[in-house]
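Down below is the structure, laid out as structure tokens.
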Amino acid sequence: MTTRIVDINTKGLSKSFGSIVALKDLNLEVNKGSIFGYLGPNGAGKTTTVRILSGLLKASSGNATVCGFNVNSQRDEIKAVTGLLPEAPGLYSKLSAVEFLEFIGALNDLSGSTLKNRIDRLMGILGLEGRQDDLLESYSSGMKQKVLVASTILHEPRLVFLDEPTSRLDPAASALVKELILAMAKETETTFFICTHMTDFAEDVCEIIGILNEGILTALGAPQGIIDDAQAKDLEEAYLKIVGGEVDRESLLSWRK
Ligand SMILES: Nc1ncnc2c1ncn2[C@@H]1O[C@H](COP(=O)(O)OP(=O)(O)O)[C@@H](O)[C@H]1O
Ligand SMILES: [Mg+2]
């Protein structure tokens with residue numbers, strides 16, 4: 001029997017901004033090497049959670065460990081072993097993909113043949129070999145996002161936070177990013193924590209899903225379990241039942257009356 005290793009463990013984790021309770025009493029375990037999907041509508045508290053767990057923001061109360069390090073007292077250690085793709089990342093458009101990744105590698109103390117080999121390997125996984133020396137400004141949004149995901153995993157973090165990795169992408173570009181995540185999950189032992197409000201993405205990619213609504217974790221489990229519990233036909237219907245966002249077609253069309 002293999003021992004289960006927990007990469008994220010939170011106990012009563014909470015965060016308030018003044019009178020706004022962004023995250024309330026989060027208790028969550030994410031296993032090492034798994035793909036966890038954090039679903040919820042805008043303003044649910046997903047980004048707040050990621051910012052606390054990646055060492056960028058202090059919790060108001062509660063505690064958590066990430067890769068064995070304490071989020072309240074070991075934030076530098078957490079930053080060293082994790083990667084973060086923020087919601088609205090920046091990218092240097094006057095660099096080529098290789099130059100950009102060399103720059104990010106240097107920031108993470110990578111150099112020489114180690115860095116070159118990793119970049120070559122990522123370019124292969126990304127399917128960007130032929131375009132790697134073109135300026136990023138000539139890339140499509142899906143290709144840019146793949147380069148950003150690559151820059152997040154370049155230092156081979158044990159755990160990667162991806163905050164809405166496909167929200168600004170068209171379906172074809174989303175599919176590329178999805179392929180990349182699945183390829184990486186297969187080839188490495190990386191743990192993924194992915195925020196999304198896209199149920200189809202979560203259903204395709206994530207082994208365990210947590211649904212956050214108004215700062216409260218309201219469902220947790222494998223996609224099929226959540227679907228069964230909600231007596232829904234798919235994850236989208238389950239999600240809408242859980243977050244109470246069922247589209248009221250009558251009221252949508254009421255302007256016609
Ligand atoms: N720095 C901040 N100051 C004040 N309120 C914030 C701040 N960051 C987030 N919030 C509020 O906390 C809630 C959760 O936001 P967020 O974590 O960004 O949600 P999500 O990522 O799920 O869309 C929202 O009501 C948001 O307005
Ligand atoms: Mg967010």
Side-chain angles (χ1 to χ4, degrees), residues 8-30 35-64 66 71-72 75 78-79 82-91 141-142 144-145 148-149 151-152 157 159-170 173-174 177-178 181 191-206 208-221 223 226 230 235-236 238-247:
I8 295 178
N9 190 352
T10 78
K11 294 219 163 71
L13 200 66
S14 302
K15 178 72 188 177
S16 301
F17 297 100
S19 61
I20 297 171
V21 182
L23 185 66
K24 198 172 175 200
D25 198 22
L26 177 70
N27 296 299
L28 179 67
E29 286 185 4
V30 176
I35 308 182
F36 176 74
Y38 205 35
L39 268 174
N42 289 332
K46 303 183 297 297
T47 297
T48 299
T49 307
V50 161
R51 293 181 67 210
I52 295 170
L53 294 178
S54 60
L56 295 177
L57 185 71
K58 279 210 151 141
S60 304
S61 61
N63 216 325
V66 174
V71 289
N72 292 320
R75 289 153 78 180
I78 290 175
K79 284 177 197 163
T82 60
L84 166 65
L85 179 71
E87 247 180 321
L91 185 145
S141 51
K144 282 184 190 153
Q145 191 72 345
L148 283 164
V149 174
S151 75
T152 306
L159 185 151
V160 180
F161 297 102
L162 302 175
D163 195 353
E164 307 276 2
T166 63
S167 64
R168 289 163 301 125
L169 302 179
D170 62 40
S174 296
V177 170
K178 191 153 74 183
I181 293 168
T191 308
F192 285 92
F193 187 106
I194 307 176
C195 299
T196 181
H197 58 262
M198 302 197 171
T199 48
D200 53 348
F201 178 88
E203 199 170 353
D204 291 351
V205 174
C206 303
I208 301 289
I209 286 170
I211 298 180
L212 191 72
N213 193 26
E214 298 180 350
I216 297 168
L217 190 69
T218 39
L220 180 68
I226 291 178
L235 191 64
E236 182 179 10
Y239 172 83
L240 290 174
K241 280 185 166 184
I242 290 165
V243 304
E246 210 134 13
V247 180

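Atoms within a ligand are numbered from 1 in the order they appear, just like the ligands themselves. Source: prediction; values computed, not measured. Note: hydrogens, waters and symmetry copies are ignored here, and every other heavy atom, side chains too, is used.
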Can you tell if the side chain of [X] reaches within under 4.5 Å of the side chain of [Y], non-hydrogen atoms only?
{"X": "Ile35", "Y": "Cys206", "answer": "yes"}
{"X": "Gln145", "Y": "Leu148", "answer": "yes"}
{"X": "Lys58", "Y": "Arg75", "answer": "yes"}

State the [atom1]-[atom2] distance between [X] and [Y], to the nearest 0.5 angstrom.
{"X": "Thr10", "Y": "Leu26", "atom1": "OG1", "atom2": "CG", "answer": "3.5 Å"}
{"X": "Leu13", "Y": "Asn72", "atom1": "CG", "atom2": "CG", "answer": "8.0 Å"}
{"X": "Thr152", "Y": "Leu162", "atom1": "OG1", "atom2": "CG", "answer": "6.5 Å"}

Flag: protein heavy atom within less than 4.0 Å of atom 12 (O) of ligand 1: yes
Tell me whether atom 9 (C) of ligand 1 lies less than 4.0 Å from at least one protein heavy-atom position. yes
Counting only heavy atoms, which portion of Cys195 has something under 4.0 Å from ligand 1: side chain, backbone, both, or neither? neither
Counting only heavy atoms not in Lys24, do more than 12 sit closer than 6.0 Å to its NZ atom? no
Heavy atoms of other groups near Glu87 CD, more than 12 under 6.0 Å: yes
So is there a nitrogen or oxygen of Ala44 less than 3.5 Å from a nitrogen or oxygen in ligand 1? yes
Kindly confirm or rule out an N or O of Phe17 lying under 3.5 angstrom from an N or O of ligand 1. no
Option set Ser19, Ser16, Gly43, criterion heavy-atom distance to atom 20 (P) of ligand 1, minimum: Gly43
Given His197, Lys15, Arg51, Lys46, which one has a non-hydrogen atom that is nearest to atom 22 (O) of ligand 1? Lys46
Is the Mg ion (ligand 2) under 2.8 Å from any N, O or S atom of Thr48? no
Applying the side chain to side chain contact (heavy atoms under 4.5 Å, CB included) criterion to Leu84, which one of Leu56, Val160, Leu53 satisfies it? Leu56
Which of these, Leu220, Ile194, Thr191, Ile8, sits in a side chain to side chain contact (heavy atoms under 4.5 Å, CB included) with Phe36? Leu220
For [atom], grab the closest protein heavy atom and report residue, atom and distance to one decimal in Å.
{"atom": "atom 25 (O) of ligand 1", "result": "Ile20 CG2, 3.9 Å"}
{"atom": "atom 16 (P) of ligand 1", "result": "Thr48 OG1, 3.7 Å"}
{"atom": "atom 19 (O) of ligand 1", "result": "Gly45 N, 3.1 Å"}

Sub-4.0 Å atoms of ligand 1 with respect to non-hydrogen atoms of [X]:
{"X": "Asn42", "result": "23 (O)"}
{"X": "Thr47", "result": "17 (O), 18 (O), 20 (P), 21 (O)"}
{"X": "Pro41", "result": "22 (O)"}

What do you get for the angle at the Mg ion (ligand 2) between OE2 on Glu87 and OG1 on Thr47, to the nearest 10 degrees? 110°
